[in-house]
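Position 1 is the first residue of the sequence; numbering continues from there.
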Amino acid sequence: SSAAGVLGNAGQANYAAANVFLDALAQTRRTEGHPGLSLAWGLWNETSAMTAGLAESDRHRIARLGAEPLSETEGLTLLDRALGGDGDGDGLLVPVRLNLPALRALADSGRLPALLSGLVRTRPRRAAETEAGSGVGLRDRLAGMNEAEAERHLVRLVRSEVATVLGHTSPDAVGSTRSFTELGFDSLTAVELRNRLTAATGLRLPATLIFDYPNSTLLAERIRLEILPEGAAAEQDDPEENAFREAVSAIPMSRFREAGLLDVVLQLAGPKRQQETAAGGEETESIDEMDVDNLIRMALDGKDS
């Protein structure tokens, strides 16, 4: 059997379930008076057909989760001890070599599996650390930055987590626009990155995160918009804005085209920019500063012209 069924392992749900069946089979046999023993092994250092495909990043990931590989001598010694047992228990043993400092680090960050919580002592988490882990501290820091500063901060955060997951010593090894698949991500490392960013931001992020936002810059922008949606929230709280949006959404596109308003609407929905100075030197009002009435008036003026 495998420790994946006992401890869980991101991206290995089917494999874990199959091994849990073996554990249950051994327990069932013992309750019926038959011999049965399931050994939920951790990783062995000796390469096998099953582990031959593990990349260095996979081994780093396993080490960060608090498990170290067993040597062949250690594994065989544990097997002898298991077979020489007195038959007590439910027929399940978990021969895994654990790295206690790594487990403490997981506990300090709030990511230690509950099953292992009794193995390590952890220091009490201060309120500030709890807020940081839930994303409150990050949200407060970003709120004091302008858009460009917030984006740079989040890009650094994402690159740092990416570097950790892939086993790099510095975020400099991770380009901000280099695709995650090109960097070497697979389904397992994708889930680990999602979990680390969830802990750092307090957001509920999907497992398909790196495939939906395939580089650090795009992913950072997605996180920024979810953490700081103040502008969108303000618009949603404006009854007049809501009524306007509802009215516009009910109008077929063909009506905009027939009325000659389609190009104007598309222009208004384009990138933010200050309107050029009007003829005669008088500066026109910025689109971003217009209220709904002025926007409609501008659209109607565009139609007349």
Side-chain angles (χ1 to χ4, degrees), residues 1-122 164-167 184-196 207:
S1 185
S2 167
V6 179
L7 304 177
N9 199 8
Q12 292 188 315
N14 295 340
Y15 176 65
N19 285 287
V20 169
F21 171 81
L22 295 179
D23 303 337
L25 176 61
Q27 183 178 24
T28 299
R29 286 182 55 83
R30 290 172 77 93
T31 58
E32 294 175 350
H34 304 299
L37 178 63
S38 183
L39 301 181
W41 290 102
L43 179 67
W44 283 45
N45 195 43
E46 190 75 15
T47 300
S48 67
M50 178 174 288
T51 62
L54 286 179
E56 194 63 27
S57 60
D58 296 318
R59 294 185 179 273
H60 282 300
R61 175 179 56 82
I62 294 171
R64 285 194 302 275
L65 296 176
E68 294 185 345
L70 291 165
S71 69
E72 190 173 277
T73 299
E74 290 171 326
L76 293 176
T77 301
L78 290 172
L79 176 60
D80 287 340
R81 292 182 60 181
L83 295 177
D86 57 12
D88 291 340
D90 59 8
L92 172 62
L93 296 175
V94 187
V96 176
R97 185 177 182 184
L98 297 175
N99 182 327
L100 295 184
L103 293 182
R104 279 193 289 270
L106 288 174
D108 289 341
S109 64
R111 294 184 292 118
L112 180 69
L115 187 63
L116 301 177
S117 60
L119 296 179
V120 294
R121 292 183 178 180
T122 59
T164 299
V165 169
L166 295 180
F185 270 88
D186 57 21
S187 59
L188 294 180
T189 46
V191 171
E192 185 185 357
L193 178 61
R194 186 280 305 270
N195 292 344
R196 295 184 69 89

Answer yes or no: is there a donor N or O on one side and an acceptor on the other, between the side chain of [X] and the main chain of [Y], under 3.5 Å?
| X | Y | value |
| --- | --- | --- |
| S38 | L92 | no |
| N19 | S2 | yes |
| E74 | S71 | yes |
| T189 | F185 | no |
| R29 | H34 | no |

(request) Would you check if R196 and T164 make a side-chain contact, meaning some heavy-atom pair closer than 4.5 Å? (result)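 A side-chain contact under 4.5 Å exists here.
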(request) Evaluate the side-chain proximity of V120 to L116: yes if any heavy-atom separation is below 4.5 Å, no if none is. (result)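 Side chain of L116 against side chain of V120, heavy atoms only: no contact under 4.5 Å found.
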Looking at [X] and [Y], what are the two nearest heavy atoms and their distance?
| X | Y | result |
| --- | --- | --- |
| W41 | G75 | CH2-O, 3.3 Å |
| L70 | P95 | CD1-O, 3.6 Å |
| G66 | L103 | CA-CD2, 3.8 Å |
| T77 | T73 | OG1-O, 2.8 Å |

(message) My understanding is that only one of D23, V6, L39 makes a side chain to side chain contact (heavy atoms under 4.5 Å, CB included) with L93; could you say which?
(response)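 Result: among D23, V6, L39, L39 is the only option passing the side chain to side chain contact (heavy atoms under 4.5 Å, CB included) with L93.
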(request) Kindly write out the residues that satisfy salt bridge (Lys or Arg N to Asp or Glu O under 4.0 Å) with R194, not counting sequence neighbours, or none if the list is empty. (result)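 By the salt bridge (Lys or Arg N to Asp or Glu O under 4.0 Å) rule, R194 matches no residue at all.
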(request) Report the distance from atom CD of Q27 to atom CG of L25, rounding to the nearest 0.5 Å. (result)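 CG of L25 is found 10.5 Å from CD of Q27.
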